[in-house]
Amino acid sequence: MNEDSLKSRAVPVLVPMPAERPYSYLVPEHMSVQPGSIVRVPLGPREVAGIVWDTAVDQVDPRKLRPISQVFDCPLIDAKTRRFVDWVASYTLSPPGMVARMLLRAPEAFDPQPWTEALKRTERLPDRMTAARERVLEMAADGLAWTRSGLAHAAGVSSTVVEGLKAQGVFETVMVPPRPVVAEPDPSYGRAELTGDQAAAAETLREQAEGGIFGVTLIDGVTGSGKTEVYFEAVAAAIKRGHQVLILLPEIALTQAFLDRFHDRFGTKPAEWHSDLPPRMREKVWRQVAEGTVRVVAGARSALFLPFNDLGLIVVDEEHDPAYKQEDRVFYNARDMAVVRAHIGGFPVVLASATPSVESRVNAEQGRYARAVLPGRFADAALPHLATIDMRRAPPARGGFLSPVLLAKMRETLERKEQSLLFLNRRGYAPLTLCRVCGHRFGCPVCSSWLVEHRFRGQLVCHHCGHTEKRPEACPECGTLDHLVACGPGVERIAEEVVAHFPDARTIVLSSDMLGGVKRLRLELEAISKGEADIVIGTQLVAKGHNFPNMTLVGVVDADLGLANGDPRAAERTFQLLSQVTGRAGRTGKKSLGLLQTFQPDHPVMRAIVSGDSEAFYDREITEREKAHLPPFGRLAGIIVSAATRPEAESHARGLRKAAPDSRDIHVLGPAEAPLALLNGRHRFRLLVQGEKRSDMQAYIKALLAAGPKIRGSVRVQVDIDPQSFL
DNA sequence: AGCACGCCGACT
DNA sequence: GTCGGCGTGCTC
């Protein structure tokens with residue numbers, strides 16, 4: 001055997017750990033693998049699943065080489081998906097192995113799903129006929145294979161009846177292939193009647209989907225303008241051409257309501273993919289996506305890393321939603337990586353939002369993305385009338401937070417037996433507690449942000465790191481009793497105020513820390529839709545997806561919240577959030593009203609919301625961004641340093657800051673002065689890097705990391721490159 | 001990211 | 001005297 005043939009028997013395998021390159025493994029004599037094969041390989045003391053890659057094998061000490069232990073009986077990860085993994089790794093400056101790990105998130109799915117036993121009618125008749133047996137035979141008369149429990153359930157008998165018949169030879173067992181998790185969607189099942197603008201937009205998308213070439217279309221239209229119906233036409237076109245389709249949704253929008261709409265259009269549900277899918281289902285979906293049995297997946301951002309082999313369209317709904325951004329391990333924005341996956345795959349992408357991200361708007365304006373605008377709501381869903389309440393001129397009563405103007409409208413709404421929604425994006429009772437005697441403020445002992453009082457639970461809670469302590473009676477600084485004062489409102493405190501004003505109204509608070517979790521929340525939302533509450537007070541989560549048909553008043557308690565936090569996207573985010581919240585009203589055809597309590601009624605965000613002139617807002621925002629060289633006109637990257645202790649993280653961040661060479665086009669800002677999250681027990685600091693070109697930024701960051709202090713101990717460094725354009 | 005190896009405090 | 005804490009280092 002010559003050296004060449006020895007070499008040719010080692011292949012590169014991407015293993016799910018943070019290695020910069022694939023590892024090399026020997027292929028045993030009678031095994032055959034190719035790029036894309038999923039294999040089991042020994043790694044240190046354990047065995048892991050990896051993907052055979054197509055790079056050149058590393059020069060590695062031949063004595064270290066170990067053999068592949070098994071090739072899974074599983075469809076290959078295709079070349080396009082492999083290129084996608086490489087691209088994401090390179091763009092996000094993450095180890096390719098960690099990106100591959102996201103693709104291999106269903107370890108049990110690499111082995112084929114077992115065939116299952118089923119029952120099939122034989123010629124034989126039972127010895128005695130009973131009513132129950134008759135029903136069973138009737139059900140099974142179709143000659144198809146039934147599962148025992150399925151047949152018993154369908155016939156309305158206990159499974160012992162079926163078992164008895166089987167014992168008599170009335171049924172035989174046959175092996176059947178695993179059942180598809182969802183039925184095949186029918187593109188012509190429930191075609192919607194589209195109005196002029198919708199039909200035009202749908203036609204554009206349909207052509208693009210039929211053409212099967214890369215292109216990005218931004219569908220942009222107010223809530224209720226029929227965006228979903230329009231992009232369903234593109235989905236239908238892609239299905240007709242025999243391609244798989246992925247619909248990405250922010251996790252929270254993946255609700256029954258969406259699944260029902262999909263069902264109305266395609267006669268079946270899409271396969272779902274999200275973080276709390278039961279493990280068995282997870283495996284089935286993963287496997288069936290790889291095999292092509294599943295044609296349409298609706299999923300959260302991680303669905304982008306499913307092993308599609310024949311993807312022909314991606315839809316990103318609510319494309320502006322920050323939930324598309326993953327901020328641990330591999331930092332990526334699924335909206336942008338969707339564009340990349342489509343570019344590599346050579347198929348179209350649809351981005352949909354009532355309030356597009358500034359990035360997408362600019363991409364559309366500059367002609368990289370096509371844009372389809374849906375200007376109006378359906379006829380019976382008038383837009384709410386929107387106005388600001390100037391809190392300087394109509395201040396709340398002492399100790400309160402609701403202006404008399406808002407309270408008056410709430411009373412009117414109550415008298416009309418309609419519902420009001422008060423929105424405040426702050427959990428708990430009060431965001432800050434201080435001692436009236438000595439001025440002591442309650443801060444978090446671990447991450448130094450203020451502790452939020454949760455009066456209902458009798459606790460002080462850090463919303464940054466989750467630290468909780470009991471709310472004391474006395475000041476820990478000066479010992480004075482009963483002189484602690486709550487500063488500012490949270491939803492609990494607003495609820496208190498509402499109950500004081502409207503003691504007979506049915507008031508409910510909705511927030512993510514509500515007792516009873518997601519299940520309870522879903523029930524409450526349901527109850528509200530049925531009219532079982534008069535006044536709803538809620539945080540962010542009421543802004544999303546849910547329809548309350550009798551909701552005719554929306555009050556934003558603090559419209560200024562979030563405008564002054566130093567985030568370069570603060571105005572954009574506030575605009576998007578306020579648009580969504582006020583959009584909760586007026587979906588019924590009834591006259592409805594949205595009121596924003598603000599100290600800055602002339603702020604561009606407020607003016608845009610009130611006038612409905614979002615174009616003006618975007619124009620202004622785009623100009624500002626361009627001036628400040630912020631995305632999408634300049635790059636922004638975060639270098640996130642995390643460590644077990646705060647000083648450790650801080651000192652490493654400062655070391656990196658010092659290592660940054662002066663550069664005309666790229667600046668390193670920070671470390672951020674604001675206390676950063678304590679995440680999974682780790683303190684994180686963020687250095688902001690600002691520059692012009694992506695390639696320069698990436699090179700700069702790599703150099704910076706190489707020149708900076710050596711990473712050791714528990715210190716970790718990750719990079720978060722802000723999205724721009726991928727064309 | 002796992003996982004083992006290795007070196008210092010409270011216990012069957 | 002051992003069980004177990006998590007610091008350090010390695011995995012083709």
Side-chain angles (χ1 to χ4, degrees), chain A residues 3-29 31-72 77 82 85-86 88-89 92-110 275 279 282 302 305 326-332 446 640-652 678-684 705 709-720:
Chain A
E3 209 180 280
D4 252 27
S5 70
L6 270 175
K7 253 189 212 160
S8 71
R9 297 195 51 240
V11 292
V13 176
L14 210 47
V15 285
M17 56 151 231
E20 281 308 319
R21 343 200 45 238
Y23 281 177
S24 305
Y25 284 89
L26 293 170
V27 184
E29 198 58 50
M31 186 184 280
S32 100
V33 297
Q34 53 182 308
S37 299
I38 300 182
V39 292
R40 192 207 304 278
V41 291
L43 184 67
R46 68 213 152 106
E47 291 211 309
V48 296
I51 309 170
V52 177
W53 220 241
D54 20 28
T55 42
V57 290
D58 258 353
Q59 295 293 335
V60 61
D61 182 353
R63 282 169 302 179
K64 279 174 123 183
L65 290 178
R66 297 164 78 183
I68 292 173
S69 33
Q70 182 196 348
V71 188
F72 287 101
I77 300 298
R82 298 198 304 274
V85 169
D86 282 333
V88 172
T92 61
L93 299 177
S94 340
M98 291 306 283
V99 182
R101 187 175 173 270
M102 301 197 288
L103 231 113
L104 301 173
R105 271 323 208 16
E108 305 300 315
F110 310 144
S275 61
R282 227 181 154 68
S302 59
F305 292 91
Q326 173 153 77
E327 298 200 61
D328 62 304
R329 301 185 174 97
V330 178
F331 287 62
Y332 69 94
V446 257
I640 292 111
V641 176
S642 68
T645 68
R646 193 188 154 103
E648 219 179 341
E650 205 164 352
S651 106
H652 194 94
L678 187 94
L679 224 71
N680 306 325
R682 300 179 67 83
H683 296 260
R684 313 203 310 177
L705 295 180
K710 226 204 185 108
I711 299 168
R712 75 178 116 97
S714 68
V715 177
R716 263 210 301 270
V717 175
Q718 276 155 319
V719 181
D720 172 19

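Reminder, nothing fancy here: chain letters follow the sequence lines and each chain counts from 1.
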For residues 38-49 of chain A, dump all side-chain donor-acceptor pairs below 3.5 Å to protein atoms at least two apart in sequence or in another chain.
{"unit_1": "A:Arg40", "atom_1": "NE", "unit_2": "A:Gln70", "atom_2": "OE1", "d": "3.0"}
{"unit_1": "A:Arg40", "atom_1": "NH2", "unit_2": "A:Gln70", "atom_2": "OE1", "d": "2.7"}
{"unit_1": "A:Glu47", "atom_1": "OE2", "unit_2": "A:Ser69", "atom_2": "OG", "d": "2.8"}

Q | Distance, rounded to the nearest Å, where A:Met17 contributes CE and C:dC12 contributes P | A | 8 Å
Q. Rounding to a whole Å, what distance do you find between A:Tyr23:OH and C:dC10:P?
A. 11 Å
Q | Boundaries of the chain A footprint along DNA chain B (any atom under 4.0 Å from a heavy atom) | A | B:dA1 to B:dA4
(Q) Suppose the criterion is ring-ring contact (aromatic ring centres under 6.0 Å, His included): which pairs have a residue in residues 53-72 of chain A, not counting sequence neighbours? (A) A:Phe72-A:Phe110
Q) Given A:Gln718 and A:Thr92, is the side chain to side chain contact (heavy atoms under 4.5 Å, CB included) satisfied, shown in steps? A) CA-CA 9 Å; A:Gln718 276 155 319; A:Thr92 61; over 6 Å; no
Q: Remember a base hit wins even if backbone is also touched, and classify A:Pro18 as base, sugar-phosphate or nothing at under 4.0 Å, heavy atoms.
A: base
Q.
Counting the atoms with a prime plus P, OP1 and OP2 as sugar-phosphate, which does A:Arg716 contact under 4.0 Å by heavy atoms, base, sugar-phosphate, or nothing?
A. sugar-phosphate
Q. Taking atom CZ of A:Arg66 and atom OH of A:Tyr23, what is their separation to the nearest 0.5 Å?
A. 11.5 Å
**Q.** Value rounded to 0.5 Å, distance of CD in A:Gln326 from CZ in A:Phe305
**A.** 8.0 Å
Q | A:Arg66 CZ - C:dC12 C1' separation (whole Å) | A | 8 Å
Q: Tell me what A:Pro12 touches on the nucleic acid: a base, only sugar-phosphate, or nothing, going by heavy atoms under 4.0 Å.
A: nothing
